[in-house]
Amino acid sequence: MALKCFCFCFYSYFILFCGFWLAAFCDQDGFLSLSCGGATSYTDSSNISWVSDSAYISTGNTTTIDYANGTSSSSPSIRFFPDSRDRACYKLPVKNLSSLVLIRAKFVYKNYDGLNKPPSFSVSLGTAITSTINLATNDPWTEEFVWPVIKDTAMLCMHCIPDGGSPVISSLEIRPLPQGAYHNAMGASPNMLLRKSYRIDSGYTNGSLRYPSDPYDRIWDADEDYAPFHVSRGFNTLVSLSFSGIQESPPAAVLQTARVLARRDVMTYNFPLDTLGDYYIVLYFAGILPVSPTFDILINGDVAESNYTVSNSETSALYFNRKGIKSLNITIRSIRFNPQVNALEVYEIVDIPPETSSTTVSALQVIEQSTGLDLGWQDDPCSPTPWDHIECEGNLVTSLELSGINLRSISPTFGDLLDLKTLDLHNTSLTGEIQNLDSLQHLQTLNLSFNRLTSFGSGLGNLVSLRVLDLQNNRLQGTVPDSLGELEDLHLLNVENNKLEGSLPQSLNKASLEVRTSGNSCLSFSTMTCNGVSSNPSIETPQVTVVTNKKHSKLNHLAIILGAAGGASFAVLLTSLGVFLYVRKRTAKHDQATYTAKAAVDMRNWNGARVFSYKEIKAATNNFKEVIGRGSFGSVYLGKLADAKLVAVKVRFDKTQLGADSFINEVHLLSQIRHQNLVSLEGFCHESKQQILIYEYLPGGSLADHLYGTNSKKVSLSWVRRLKIAVDAAKGLDYLHNGSEPRIIHRDVKCSNILLDMDMNAKVCDFGLSKQVTQPDATHVTTVVKGTAGYLDPEYYSTQQLTEKSDVYSFGVVLLELICGREPLSHSGTPDSFNLVLWAKPYLQAGAFEIVDDSLKGSFDVESMKKAASVAVKCVERDASQRPTIAEVLAELKETYSIQLSYLAACGHVN
């Protein structure tokens, strides 16, 4: 009767168990099995489907290992990499599988090439070097990892090592793991992975067990004699078990076997470990015995768990971490009855180095595209090994060396490499001015030598950490800027072999700084002379002296006459040349004065823009006393006109001055722009080699001041104020794009170019970089890339085709700043948060508003925030064709603003 009852229970349990697991897991959801080098798909004896790896890697050669019986299971295909540049990588899709996946790779040599030289190479997963494969010691060799899913893809790479031969791989497998499994090792941190050392089906000796017995396809190896001597026996039975509480979900077939101590003594596993490191251990127990044993567990001689009891029909697990060990001894010491263990797993804990910021990666990829070369830059620049031409400190790119590569210009993208300490662009065909580097506050060494640069630009003075500046063998003209002398750490300035002249700034004349100037026409610290020659030598009329020789008076007389005549002729020629140059200079000055006077008369008729004299400007600014802004163009000063009206006076630096025609054209353009949301031009000055623009003064400062500033005028911006500012700015841009003729693309939309009046009304300013679209049907303007790092349209940068959608992208960044209350580029937080667009976009698309500025939380209508976030996300689409027009943006923002106003009215709040 008892036997019948047991059989009935056994079969009932078995049918229920198999029915549940087969229904739940035997459909292989999420399984990916790659036959590396295989050309066709097939299904193996475990009913697992295999496909070719060709869709996941584009390099490497393929072959098949021929064995005697020729069956597909014993004749594996392989992929090998004889021509790989340092590494060959698989991109494995892991999105939407699980929070954890198992990744298993099998490496096989079997003398496929007939050379009898098994290769050795290292393997990385993500940014972590995980192991070194040596097929001379084991062939085949299997590596298995538990990988936290933090991105859409997992990158598994094989890295060549010196004299190691060609990496080779036979198969790759991905398996989803149970939710919450191995949590005790990894916690909430995604910064570690587990590399399998051992997974033992204790008490079972008849081969390994895997899918479909384990629905997650973990391979459970047979229990071998891991002790110095065998003191235990296997135990195999079938008992109905409760599986609650073990998140790893070990298979029932594994838990139905156990290694059980034969007598009341100790049971030991001794495991050799590959490397000194940190390890994670899981011990599984199941009450399959008729008694409930109690025992102690010791790890490397220390008691890790005491008086542990395995209850009948219950399952349980114990988890241990051990740091800095090179061998593992697990001992179970009996207290009551016969102690047991049903299964165990041992993993090496491998730290995953943090990834390089997405801003840096994007910038480097754009730079690679601009070179037209395949530099082999893929995945992370710093880990597991740095890219060619790059050096890192941790996950920060601190050195970039591109000498000999044809760049032609320093693109704005270089300004995104905020951690650079060394930048070497010598012999890269650079032309024009030095630009787009002023954001590199950590730069210590800058080598731009052996190029064709003609101008210092205006940003070098901002490189506050600069120690070495090498500009030799360029075509630099003019004088050395004073700002270089303000760089306190600079100890070498090399400007040899350029076209510089004049006196060097006295600020460079200090003991701590070596200045190399040879090869320039006239360059020194002296204000009077250069190399002993006057800086402005005059041409003197040559003096002719006639000497009479009596002995040869007749013969020499003619010669003297001819010589005197020739000398006189030469003197006349020089005198005539001098007169000609003097008259030409006077004529040019007269023509220029006439042209300027005529232009000034014309300007007076341009919508009331006033022409100021330089004397008036000096008086209005109290001799340029109060600086209220700075930029690459120069400085902005506070001015007060004779009628007591306050103005902002923008004075161009010499190096940024336009030609007379260009300046007049700009004044003409600015004079025609009249809109309540655009800062208006009050007047200009164009005399004494000065180019000065006078704008209306807005006392509220810039939007950037209010979002990030610390001055006493800063006013906390509520959500409704921010929306009003966004609407005002959008109105201004809409006028530029659609209301003016010709159409105008601003080209430098950013928070610091949105100014506020006393009533917090916003106006867009600074059209110094603006471009006119003169043809009504033109879709774009092809132009050299200008703009500000963090706001720059990526499509504009890559194509150099400027459109109104470029302004829309920059305005989208402004909207993100209003929502999140943080700048476009930042070094705070994690590397992935450095770039505002790349960080905020996924959150806002998912409706996750935890990234909203803390000062706004609890004060906004959710629908209003959703609409604003939607507009911002659409504006910063990488594909310009997917972005809305500024008119569409304005319409959406007006509706968003109205929703927030209604919300405030309903709540009884004021703005």
What are the two closest heavy atoms between [X] and [Y], and how far apart are they?
| X | Y | value |
| --- | --- | --- |
| Ala258 | Asn342 | CB-ND2, 3.7 Å |
| Leu328 | Ile281 | CD1-CD1, 3.8 Å |
| Phe81 | Thr59 | CE2-O, 3.6 Å |
| Ser49 | Thr43 | OG-OG1, 3.9 Å |
| Pro381 | Val361 | CD-CG2, 3.6 Å |
| Ile332 | Val341 | CD1-CB, 3.8 Å |

Residue pairs fulfilling disulfide (SG to SG under 2.5 Å) with at least one residue in residues 319-352, sequence neighbours excluded: none
Lys/Arg cation over aromatic Tyr269: Arg259, 6.0 Å, 45° cone: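 Because its charged atom sits under 6.0 Å from the ring centre and within 45° of the axis, Arg259 does stack over Tyr269.
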At what distance, to the nearest 0.5 angstrom, does [atom1] of [X] lie from [atom2] of [Y]?
| X | Y | atom1 | atom2 | answer |
| --- | --- | --- | --- | --- |
| Lys117 | Asp163 | NZ | CG | 10.0 Å |
| Asp214 | Arg199 | CG | CZ | 7.5 Å |
| Ile161 | Asn134 | CD1 | CG | 7.5 Å |
| Leu92 | Leu34 | CG | CG | 6.5 Å |
| Gln340 | Ile288 | CD | CD1 | 5.5 Å |
| Thr132 | Asp274 | OG1 | CG | 10.0 Å |

Steps toward side chain to side chain contact (heavy atoms under 4.5 Å, CB included) verdict (Asp223, Asp201): CA-CA 6 Å; Asp223 193 357; Asp201 183 359; over 6 Å; no
Contacts of Tyr319 that satisfy ring pair (Phe, Tyr, Trp, His ring centres under 6.0 Å) - sequence neighbours left out: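 Tyr319: no ring pair (Phe, Tyr, Trp, His ring centres under 6.0 Å) contacts found.
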Those residues that, when tested against Tyr56, pass ring pair (Phe, Tyr, Trp, His ring centres under 6.0 Å) (two or more places apart):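 With neighbours one apart ignored, the set is empty.
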Would you say the side chain of [Y] lies within less than 4.5 Å of the side chain of [X], judging by non-hydrogen atoms?
| X | Y | answer |
| --- | --- | --- |
| Tyr308 | Leu283 | no |
| Pro339 | Ser334 | yes |
| Glu348 | Ser131 | no |
| Leu32 | Pro93 | yes |
| Leu194 | Ile349 | yes |
| Ile219 | Arg104 | yes |
| Ser202 | Leu344 | yes |
| Pro148 | Leu100 | yes |

Within 6.0 Å of NZ in Lys196, more than 12 heavy atoms from elsewhere: yes
Atom CG of Asn111: over 12 foreign heavy atoms under 6.0 Å: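 Counting neighbours around CG of Asn111, more than 12 heavy atoms of other residues, nucleotides or ligands fall under 6.0 Å, so yes.
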Is the backbone of [Y] close enough, under 3.5 Å, to the side chain of [X] for a donor and an acceptor to pair up by distance?
| X | Y | result |
| --- | --- | --- |
| Ser77 | Cys36 | yes |
| Ser52 | Gly38 | yes |
| Asp351 | Met192 | no |
| Asn338 | Val260 | no |
| Asp53 | Gly37 | yes |
| Ser170 | Lys106 | no |
| Thr127 | Glu355 | no |

Pair listing, ring-ring contact (aromatic ring centres under 6.0 Å, His included) test, anchored in residues 117-146, at least two apart: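 Only Phe107-Phe121 qualify under ring-ring contact (aromatic ring centres under 6.0 Å, His included).
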Indicate whether the side chain of [X] and that of [Y] have a donor and an acceptor atom separated by less than 3.5 Å.
| X | Y | answer |
| --- | --- | --- |
| Tyr284 | Glu345 | yes |
| Ser33 | Arg175 | yes |
| Tyr42 | Ser35 | no |

Between side-chain atoms of residues 290-303 and protein atoms elsewhere (two or more places apart, or another chain), which donor-acceptor pairs fall under 3.5 Å?
| from | atom 1 | to | atom 2 | distance (Å) |
| --- | --- | --- | --- | --- |
| Ser292 | OG | Val310 | O | 3.4 |
| Ser292 | OG | Asn312 | N | 3.4 |
| Thr294 | OG1 | Thr309 | OG1 | 2.8 |
| Thr294 | OG1 | Arg336 | NH2 | 3.4 |
| Asp296 | OD1 | Asn307 | N | 2.8 |
| Asp296 | OD2 | Arg333 | NH2 | 3.2 |
| Asn300 | OD1 | Asn329 | N | 2.7 |
| Asn300 | ND2 | Ser327 | O | 3.1 |

Arg79 vs Met158, side chain to side chain contact (heavy atoms under 4.5 Å, CB included): CA-CA, chis, key distance, verdict: CA-CA 12 Å; Arg79 185 178 290 270; Met158 290 151 285; over 6 Å; no
Val94 and Ile174: CA distance, side-chain angles, deciding distance, side chain to side chain contact (heavy atoms under 4.5 Å, CB included) verdict: CA-CA 8 Å; Val94 293; Ile174 299 177; 4.3 Å; yes
Non-neighbouring partners of Cys157 that pass disulfide (SG to SG under 2.5 Å), sequence neighbours left out: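 Applying disulfide (SG to SG under 2.5 Å) to Cys157 gives Cys89.
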Residue that, paired with Tyr347, satisfies ring-ring contact (aromatic ring centres under 6.0 Å, His included) out of Tyr182, Phe320, Trp147: Tyr182
From Trp220, Tyr279, Phe271, residue fulfilling ring-ring contact (aromatic ring centres under 6.0 Å, His included) relative to Tyr198: Phe271
Salt-bridge contact Glu143-Arg195 (side-chain N to carboxylate O under 4.0 Å): yes
Working for side chain to side chain contact (heavy atoms under 4.5 Å, CB included), residues Trp387 and Val397: CA-CA 10 Å; Trp387 289 347; Val397 174; over 6 Å; no
